[in-house]
Novice: 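Below are the structure tokens for one structure; questions will follow.
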Amino acid sequence: MNNLFGASAAAGSVLLFACLGAMNGLAAQEAASAVGAFEGRGDVGKVLHAGSVEYDADKKSYTIAGSGENMWLGADAFQFAWNKISGDVTLSADISFLGSGGNAHRKAVLMIRQSLDADSVYADVALHGNGLAALQFRDEKGGSTQEVQSRISAPRRVRIEKHGAYFTMWLGGPDGEVEMAGGSPKIELREPFYVGIGVCSHDKDVVERAVFSSVEITGAAVNVAAKPAEATLYSVMETVQIASGDRTAVYISAGRFEAPNWTRDGKAFLFNRDGSILRLAVSGQKPETIDTGFANRCNNDHGISPDSTLLAISDQSQEEHKSIVYVVPTGGGTPRRITKNSPSYWHGWSPDGKTLAFVGQRNGDFDIYTIPVAGGEETRLTTAPGLDDGPEYSPDGQYIYFNSERTGHMQIWRMKADGSEQTQVFSDDYNNWFPHISPDGKYMVFLTYDKSVTGHPEGKDVMLRLMTLSDKKITVLAKLFGGQGTINVPSWSPDSSKLAFVSYMYMGPRARP
């Protein structure tokens, strides 16, 4: 429940929240430092120069002076003006830096933070001195900061929204209209928490200033992970860096699109939407539809041949709308049928481009098969009870990785390319789907559901997890709202440094400040 109790005359457009719970430590010390609509302010972390916050009642603006070496890695240092609240929240402001020059990574932020500790869990939308806008976050105390970067540079209007455990970034221009500008990472906060505005100079010896005007704090009406009445589904094409976990929002659109392939020249993504296959430049321009002829009900099982000349698609436009595997020139053309039987769902190309691996339902059982691209009979590789799915060749062609529920819940397995030596890669209490091996053969990424989830449905809290194949160490690459459509097919960058995926969110009608 939001603790909103109206607008303060001194605060102008800022809506105040009731303070929940007793404050202690630094929070109690700062309670006497109220300014404008904010009940407290002060420096967080270690700074050499004390910061300040000035409120101009006539202009209804805040000028914040902040020092601090950084807001990154495992600790932050910045000046912060805050309210302590509970519930979902939206915080918006127009932001501008005072003075030219300065560190390109100086930051003016809208922040939602668990505590005033330097290493606190938090999420913010940070406007940098060089115009970069990013949703930055630390999802565990003392952990390393990560971010979702926007392709929109130097926005005037900035907004952060908290919906349950998910946070979204909205950016806009001089007209005040804002648009969604990034994916929604999952960061769990306990109530109450801190909401406010702040500045970090990104140079411990310098004090930087920024002006926050038209500041508004309101309750957020929609949970991105729950489908409310009249809500709109948004899909976000994102990339994530393997080394850091930092994410970039490449393309955002209302409606559902799914399953990116990263082209082998690194220049574009292919994905499916409304039965079509689309091509999107990595710069995030308007996608173009690829001509697939009569195959106008393509699903999310598609992929590019090793020599980039052919695209394998799984289409449901023929024969009682059961999925059939075809190949079509990557630039578009008439599909050529590969699988005689249906339903069949493509998942992997052999490295030499001569064989396809796919999932077929035969006599009520889903198993893994291979078939020559040139045409011929299918070969069944798995016979275990339960669903086998997601087959993908290793880069050297020796193995096929797949997911199987033969042990009682979905786990990752691998076998020789001829189906022999079927071995479980690891075991845990989650349900794990769609293993994808990096082009350099060093990593495996896969989609993880909670153990309570059956199948691979859409609209779930999921994780992208990364295994280093040499030592089988597993790390969490991203937490998101997704599932079906997120990474059904291979989506590694050619240099193995990044991964493409799709996250989702529901947004309903609301007033846009």
Side-chain angles (χ1 to χ4, degrees), residues 88 90 92 125 133-135 148-153 155 157-173 175-186 218 220-240 247-261 268-290 296-300 302 457-462 478 480-488 491 500-513:
D88 288 347
T90 293
S92 308
V125 174
L135 197 164
V148 181
Q149 292 188 4
S150 170
R151 293 294 179 93
I152 299 173
S153 180
R157 188 77 174 158
V158 177
R159 187 162 86 197
I160 186 171
E161 297 190 0
K162 175 188 179 294
H163 306 276
Y166 288 95
F167 293 77
T168 57
M169 168 172 56
W170 298 68
L171 304 174
D175 61 2
E177 290 295 322
V178 294
E179 62 183 69
M180 194 184 308
S184 298
K186 184 179 182 182
T218 63
V222 179
N223 188 333
V224 300
K227 185 178 181 179
E230 301 180 6
T232 298
L233 175 69
Y234 285 84
S235 303
V236 184
M237 179 82 73
E238 298 190 59
T239 62
V240 58
R247 295 155 59 174
T248 299
V250 178
Y251 175 66
I252 302 172
S253 177
R256 171 171 288 276
F257 61 77
E258 301 177 315
N261 304 125
F269 307 106
L270 304 186
F271 61 94
N272 62 287
R273 179 171 189 165
D274 299 329
S276 297
I277 304 296
L278 288 81
R279 179 184 178 94
L280 174 73
V282 294
S283 58
Q285 300 165 359
K286 184 178 179 180
E288 299 177 351
T289 301
I290 296 174
N296 58 11
R297 296 189 65 174
C298 297
N299 57 47
N300 53 35
H302 46 77
E458 63 185 64
K460 295 294 182 179
D461 291 336
V462 296
L480 61 134
F481 183 65
Q484 172 76 304
T486 293
I487 58 160
N488 294 62
S491 55
F501 65 96
V502 181
S503 61
Y504 300 93
M505 63 193 78
Y506 287 105
M507 288 292 168
R510 86 280 301 278
R512 300 277 171 79

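Predicted model, so just to flag it, every value in this text is computed and none were measured. Positions are given from 1 along the sequence.
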Novice: So does S283 get a backbone contact from the side chain of R151, meaning a donor-acceptor N/O pair under 3.5 Å?
Specialist: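 Yes; at least one donor-acceptor contact below 3.5 Å.
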
Novice: Are any of the side-chain heavy atoms of T168 and M507 separated by less than 4.5 Å?
Specialist: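 Heavy-atom side-chain distance check passes, below 4.5 Å.
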
Novice: If I compare all heavy atoms of A478 with all of R247, which pair ends up nearest, and what's the gap?
Specialist: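 Heavy atoms only, the tightest pair is CB-NH1, 3.9 Å.
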
Novice: Give me the atom names and distance for the closest heavy-atom approach of L280 to K286.
Specialist: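 L280 and K286 have their closest heavy atoms at CD1-C, 4.4 Å.
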
Novice: Decide yes or no on side chain to side chain contact (heavy atoms under 4.5 Å, CB included) for E179 and I252, but give the supporting numbers first.
Specialist: CA-CA 10 Å; E179 62 183 69; I252 302 172; over 6 Å; no

Novice: Please give me the minimum heavy-atom distance between T289 and S276, naming the atom from each residue.
Specialist: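 Of all heavy-atom pairs spanning T289 and S276, the closest is CG2-CB, 4.0 Å.
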
Novice: Report yes if some heavy atom in the side chain of E258 is under 4.5 Å from a heavy atom in the side chain of R256; otherwise report no.
Specialist: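 Result yes, sub-4.5 Å side-chain heavy-atom pair found.
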
Novice: Looking only at atom types and distance, does a side-chain atom of S491 sit under 3.5 Å from a main-chain N or O of N261, one as donor and one as acceptor?
Specialist: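 Pair absent, no side-chain N/O of S491 close to backbone of N261.
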
Novice: Any donor and acceptor pair, going by atom type alone, linking the side chain of S235 with main-chain N or O of G255 inside 3.5 Å?
Specialist: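 Indeed, once roles are kept as given, a pair shorter than 3.5 Å links the two residues.
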
Novice: Do F269 and M237 touch side chain to side chain, with heavy atoms closer than 4.5 Å?
Specialist: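 Yes; the side chains approach each other to less than 4.5 Å.
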
Novice: So which heavy atom on S503 is nearest to which on G183, and how close?
Specialist: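 That would be OG-CA, 4.1 Å.
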
Novice: Y166 and D461: side-chain donor and acceptor closer than 3.5 Å?
Specialist: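 Yes - a donor-acceptor pair under 3.5 Å links their side chains.
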
Novice: State, with a plain yes or no, whether a side-chain heavy atom of L480 is found less than 4.5 Å away from one of E238.
Specialist: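 The answer is no, as the side chains (C-beta and beyond) never meet within the 4.5 Å cut-off.
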
Novice: Report yes or no: do R273 and S253 form a side-chain donor-acceptor pair below 3.5 Å?
Specialist: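 Side chains of R273 and S253: pair found under 3.5 Å.
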
Novice: Begin from the C-alpha positions of F167 and V125 and carry the test side chain to side chain contact (heavy atoms under 4.5 Å, CB included) through to its verdict.
Specialist: CA-CA 10 Å; F167 293 77; V125 174; over 6 Å; no

Novice: Taking all atoms of both residues into account, what is the closest heavy-atom pair of V250 and T239, and its distance?
Specialist: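 Between these two residues, the closest heavy atoms are CG2-CG2, 3.9 Å.
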
Novice: With sequence neighbours left out, what residues match F501 under ring pair (Phe, Tyr, Trp, His ring centres under 6.0 Å)?
Specialist: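 F501 satisfies ring pair (Phe, Tyr, Trp, His ring centres under 6.0 Å) with no other residue.
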
Novice: Could you report the tightest heavy-atom contact between Q149 and A134, atom names first, then the distance?
Specialist: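 What the structure gives for the nearest pair is CA-CB, 4.1 Å.
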
Novice: Establish, yes or no, whether a centroid distance under 6.0 Å links the rings of Y251 and F257.
Specialist: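 Centroid separation for Y251 and F257: below 6.0 Å.
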
Novice: If you round to the nearest 0.5 Å, how far is CD1 of I277 from CG of N299?
Specialist: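 So the gap between those two atoms works out to 8.0 Å.
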
Novice: Supply the atom-to-atom distance I290 CD1 to H302 NE2, rounded to the nearest 0.5 angstrom.
Specialist: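 Reported value, rounded in 0.5 Å steps: 9.5 Å.
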
Novice: Would you say that V502 contacts V236 through its side chain, given a criterion of any heavy-atom pair below 4.5 Å between the two side chains?
Specialist: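 Not touching, per the 4.5 Å side-chain cut-off.
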
Novice: Under the side chain to side chain contact (heavy atoms under 4.5 Å, CB included) rule, what do S150 and L171 come out as? Steps first, then yes or no, please.
Specialist: CA-CA 9 Å; S150 170; L171 304 174; 3.5 Å; yes

Novice: Do the non-hydrogen side-chain atoms of V148 and P185 ever get within less than 4.5 Å of each other?
Specialist: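 Yes - at least one pair of side-chain heavy atoms lies under 4.5 Å apart.
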
